[in-house]
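Lettering of chains follows the sequences in order, A, B, ..., and the numbering in each one begins at 1. What you see is a predicted model, and the numbers here were worked out from it, not measured in a lab.
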2 protein chains.
Amino acid sequence: MAETERSGRPTLAVVGATGTVGSVMLQILSQHADIWGEIRLIASPRSAGRKLVVRGEQAEVVALTEAAFDGVDVAMFDVPDEVAARWAPLAAAKGAVVVDNSGAFRLDPDVPLVVPEVNAHAVRTRPRGIVANPGCTTLSMIVALGALHAEFGLRELTVSSYQAVSGAGRDGVDTLRRQLSLVAGTQLGTSPGDVRRAVGDGTGPFPEPVALNVVPWAGSPRADGWSSEEMNVRDESRKILGLPHLPVAVTCVRVPVITTHSATVHARFEGEVTVGKAREILATAPGVVLFDDPAAGEYPTPADVVGTDPTWVGRVRRALDDPTALELFVCGDNLRKGAALNTTQIAEMVAPEFA
Amino acid sequence: MAETERSGRPTLAVVGATGTVGSVMLQILSQHADIWGEIRLIASPRSAGRKLVVRGEQAEVVALTEAAFDGVDVAMFDVPDEVAARWAPLAAAKGAVVVDNSGAFRLDPDVPLVVPEVNAHAVRTRPRGIVANPGCTTLSMIVALGALHAEFGLRELTVSSYQAVSGAGRDGVDTLRRQLSLVAGTQLGTSPGDVRRAVGDGTGPFPEPVALNVVPWAGSPRADGWSSEEMNVRDESRKILGLPHLPVAVTCVRVPVITTHSATVHARFEGEVTVGKAREILATAPGVVLFDDPAAGEYPTPADVVGTDPTWVGRVRRALDDPTALELFVCGDNLRKGAALNTTQIAEMVAPEFA
Ligand SMILES: NC(=O)c1ccc[n+]([C@@H]2O[C@H](COP(=O)([O-])OP(=O)(O)OC[C@H]3O[C@@H](n4cnc5c(N)ncnc54)[C@H](OP(=O)(O)O)[C@@H]3O)[C@@H](O)[C@H]2O)c1
Ligand SMILES: NC(=O)c1ccc[n+]([C@@H]2O[C@H](COP(=O)([O-])OP(=O)(O)OC[C@H]3O[C@@H](n4cnc5c(N)ncnc54)[C@H](OP(=O)(O)O)[C@@H]3O)[C@@H](O)[C@H]2O)c1
């Protein structure tokens with residue numbers, strides 16, 4: 001498209017364009033309807049001058065400076081927490097609406113935490129000029145839960161995660177790859193201790209071997225034995241659903257999957273639920289795919305879901321001993337809906353304000 | 001030990017001595033105190049004449065016939081369900097106490113389902129002369145839950161499993177190995193669909209690829225969307241704990257781990273619980289190892305637990321919104337406590353009746 005045809009459209013900045021999430025963001029911007037004027041690519045001074053492709057055109061990466069936000073209407077941030085904490089307020093002060101995908105602002109009461117399918121309205125009230133994107137574990141399930149909550153009224157949530165290693169960035173993926181090549185030469189974990197012997201202690205972002213293993217830990221220690229990842233799923237779910245006192249019990253577990261987080265969900269509602277009504281809601285909810293016919297081999301797995309946009313839901317059952325509770329198995333690509341896609345959706349919601 | 005020294009001791013038969021569980025059983029019999037007279041090894045006619053080692057001595061496998069039970073006091077069965085269904089009653093009719101590890105008798109009201117640390121007393125009442133061993137998924141958690149139930153009184157259970165492929169026998173292990181060698185040549189699941197492309201559809205006992213994937217299905221379809229494995233965990237837990245109306249919600253998920261089942265448990269009790277008291281119980285319960293100091297990197301993972309006897313428990317937390325509920329992460333070797341070990345323990349409890 002010629003530059004002139006784009007004049008009068010909002011200017012978008014992608015901060016962290018060279019990163020894991022940033023690259024998926026550039027792909028998504030190339031696939032979505034082209035609503036933007038200039039798209040400015042920003043990263044650290046290390047990357048300044050690099051050329052990346054977006055919308056089929058080359059664009060040069062510029063270093064993160066205050067001047068980089070001149071004329072920017074919307075800025076999507078995909079950089080480490082401390083970089084976002086420092087630069088997002090500066091971008092906002094220069095008049096940009098910031099959509100931040102780091103953990104720096106998610107629980108700030110003056111920053112809305114937005115999932116367009118669930119709480120789109122929240123994007124309008126942003127006292128700091130910043131909108132936050134939830135973490136990938138919350139995002140892997142919250143669209144489906146939001147739809148069920150709208151109908152049934154959520155009363156309690158028990159969640160166990162099966163989290164992919166790319167949730168811990170490029171280092172997470174490299175670590176699993178390295179460990180898999182180490183165990184490939186062994187008898188593959190049939191005799192006691194041989195995964196441990198082949199892999200040694202945990203490496204990279206994981207405290208224990210993750211190949212041929214599952215690790216019941218993600219994030220850093222919080223009070224009373226909880227992990228930061230578990231507390232985040234709880235706090236973010238409450239904030240997005242607007243249920244500040246919702247009982248939420250979470251256990252986060254890392255599994256040897258590259259991309260796509262899964263979770264089992266035991267959700268209790270205000271009154272009696274039926275599987276028929278739940279399936280009807282999930283089958284029609286925007287952003288949700290119902291894939292649920294076990295007898296025909298239909299239930300979501302990461303191998304099927306990776307690279308797709310929606311939240312996939314299967315194994316929908318009513319608790320046998322509680323007519324108010326549902327069991328679900330959900331999967332979501334942690335790099336798309338879990339990160340780049342949701343951020344882009346928020347930016348696209350804000351864009352018309354600058355038309 | 002000389003044959004004469006063993007005279008007067010009970011005769012043990014191991015039916016299915018050549019199988020996956022049978023071989024672990026022979027190892028365990030070689031490690032435990034030697035309380036048995038003759039140990040007779042039984043398998044299909046295909047294996048008759050094969051020599052296996054038990055207690056450091058060679059023993060010849062005999063074919064499964066009625067005559068094979070002549071003089072047998074205790075018979076441990078580790079054979080497919082239909083073989084056990086036919087032959088266990090015949091062995092019992094000949095006077096042997098049968099300890100069966102198949103699924104054929106677990107829910108028979110005239111067959112006790114025994115976990116020695118939890119309901120040892122039940123072994124005495126066996127109208128059919130048969131004692132059943134629970135399934136490996138139930139056994140991976142029930143010793144820890146039994147100890148907590150004895151103190152606090154269990155009122156509700158929500159369980160999500162992370163099940164190893166050896167729970168589906170040798171075929172399960174071979175399938176994961178084959179799939180891992182197929183994905184090793186690819187970019188390992190970073191781009192959409194490449195696990196699926198490398199592995200194809202599910203093979204062996206798994207309906208979907210299990211390498212670099214998780215599969216929310218185990219067993220065969222039951223009513224209302226449940227799997228047989230999920231119903232078994234529910235029914236077996238109720239029977240072992242003596243709580244026929246206990247609300248139990250289970251989701252069973254297969255993960256790419258060779259041996260050792262894990263589970264997250266959300267357990268609600270009759271009254272308020274404390275983490276301090278729960279830890280005290282778990283630290284002293286027979287058959288349980290408490291391994292729980294996340295800040296020091298201590299929580300159980302299959303890589304640590306494989307090859308060991310106890311149920312390992314970590315991540316002990318009190319639910320933040322419910323002072324009556326605990327969260328746990330448990331691991332147990334599905335071939336040891338989950339199968340061969342528990343069967344052997346039951347046989348050893350029965351042995352003194354024949355002294
Ligand atoms: N991976 C996920 O599943 C996921 C999901 C949700 C949210 N997130 C969050 O998204 C953010 C980015 O994650 P990622 O996995 O994409 O990380 P990544 O692959 O390490 O990329 C980091 C990006 O930040 C840039 N950057 C780093 N330090 C900078 C600095 N001082 N100034 C300017 N730019 C700087 C990097 O630029 P250079 O290339 O120039 O160094 C790069 O573009 C993090 O906050 C992460 O927590 C990640
Ligand atoms: N794998 C586990 O984690 C696990 C856990 C709990 C319970 N179990 C149960 O334990 C039992 C054995 O499982 P497994 O994994 O050890 O199976 P496996 O490796 O296939 O071994 C089967 C055993 O049964 C024998 N057998 C088969 N058909 C027979 C027949 N018609 N007559 C006599 N013997 C026969 C086989 O003898 P040959 O070698 O002569 O064929 C072999 O010893 C099954 O009921 C299973 O459900 C398994």
Side-chain angles (χ1 to χ4, degrees), chain A residues 158 160 162 173 177 180-181 184 188-193 195-196 202 207-209 212-217 221 224-227 234 247-249 251 253 255-259 262 264 266 275 292 294-295 297 299 301-304 306-308 314-322 325 327 329, chain B residues 158 160 162 173 177 180-181 184 188-193 195-196 207-209 212-217 221 224-227 234 247-249 251 253 255-259 262 264 266 275 292 294-295 297 299-304 306-308 314-322 325 327 329:
Chain A
T158 307
S160 297
Y162 300 68
V173 177
R177 282 212 179 113
L180 278 176
S181 67
L188 283 177
T190 27
S191 77
V195 169
R196 175 68 73 180
E208 301 295 322
L212 293 173
N213 207 19
V214 299
V215 182
W217 188 261
D224 300 321
W226 296 86
S227 71
R234 180 169 186 263
V248 184
T251 302
V253 180
V255 296
V257 165
I258 304 274
T259 299
S262 308
T264 62
H266 173 81
V275 168
D292 187 23
Y299 31 72
T301 78
D304 300 305
V306 60
T308 70
R315 303 301 322 281
V316 181
R317 292 148 291 157
R318 191 167 81 168
L320 290 160
D321 310 295
D322 180 353
E327 316 297 326
F329 186 79
Chain B
T158 307
S160 298
Y162 300 69
V173 177
R177 281 212 181 114
L180 277 177
S181 67
L188 286 177
T190 26
S191 77
V195 168
R196 176 69 71 181
E208 301 294 323
L212 292 174
N213 207 17
V214 299
V215 182
W217 188 261
D224 300 322
W226 296 87
S227 71
R234 179 169 187 264
V248 184
T251 302
V253 181
V255 295
V257 165
I258 303 275
T259 299
S262 308
T264 61
H266 173 83
V275 167
D292 187 24
Y299 31 72
T301 79
D304 300 305
V306 60
T308 69
R315 304 297 326 278
V316 181
R317 290 149 291 157
R318 191 165 83 168
L320 290 161
D321 309 294
D322 180 353
E327 317 297 325
F329 185 79

### Task
Could you walk me through whether A/L180 and B/L212 pass the side-chain contact (heavy atoms from CB on, under 4.5 Å) test, one step at a time?
CA-CA 10 Å; A/L180 278 176; B/L212 292 174; 3.9 Å; yes
Taking all non-hydrogen atoms of both residues into account, name the closest pair between [X] and [Y] and its distance.
X: B/S160; Y: A/S160; answer: OG-OG, 3.7 Å
X: B/V248; Y: A/D321; answer: N-OD2, 2.9 Å
X: A/R315; Y: B/S227; answer: NH2-N, 3.7 Å
X: A/G225; Y: B/P294; answer: O-CG, 4.3 Å
X: B/G297; Y: A/E208; answer: O-OE2, 3.4 Å
X: B/P216; Y: A/T301; answer: CD-CG2, 3.9 Å

Please flag which part of [X] lies under 4.5 Å from any non-hydrogen atom of chain A: side chain, backbone, both or neither.
X: B/P247; result: both
X: B/R234; result: side chain
X: B/T251; result: both
X: B/T158; result: side chain

### Query
So which of A/V316, A/D304, A/V215 has the biggest tally of heavy-atom pairs under 4.5 Å with chain B?
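Option with the greatest count: A/D304.
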#### Entry: A/V275 portion near chain B, given a 4.5 angstrom heavy-atom threshold
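It is neither, since no heavy atom gets under 4.5 Å.
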### Message
Pair B/Y299, A/V253 - check side-chain contact (heavy atoms from CB on, under 4.5 Å), show working.
### Response
CA-CA 11 Å; B/Y299 31 72; A/V253 180; over 6 Å; no
### Task
Go through B/L320, B/T264, B/V255 and name the one with the most non-hydrogen pairs under 4.5 angstrom from chain A.
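The answer is B/L320.
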### Task
Output all residues satisfying side-chain contact (heavy atoms from CB on, under 4.5 Å) with B/D322, sequence neighbours left out; order by chain, then residue number.
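B/D322 satisfies side-chain contact (heavy atoms from CB on, under 4.5 Å) with B/R268, B/A319, B/T324, B/A325 once adjacent residues are dropped.
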### Message
Could you go through A/N213 and B/Y162, starting from their C-alpha distance and side-chain angles, then the distance that decides it, and tell me whether this counts as side-chain contact (heavy atoms from CB on, under 4.5 Å)?
### Response
CA-CA 10 Å; A/N213 207 19; B/Y162 300 69; over 6 Å; no
#### Entry: Whether B/R317 side chain and A/D224 backbone form a donor-acceptor pair below 3.5 Å
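Not at all, since once roles are kept as given, no pair shorter than 3.5 Å links the two residues.
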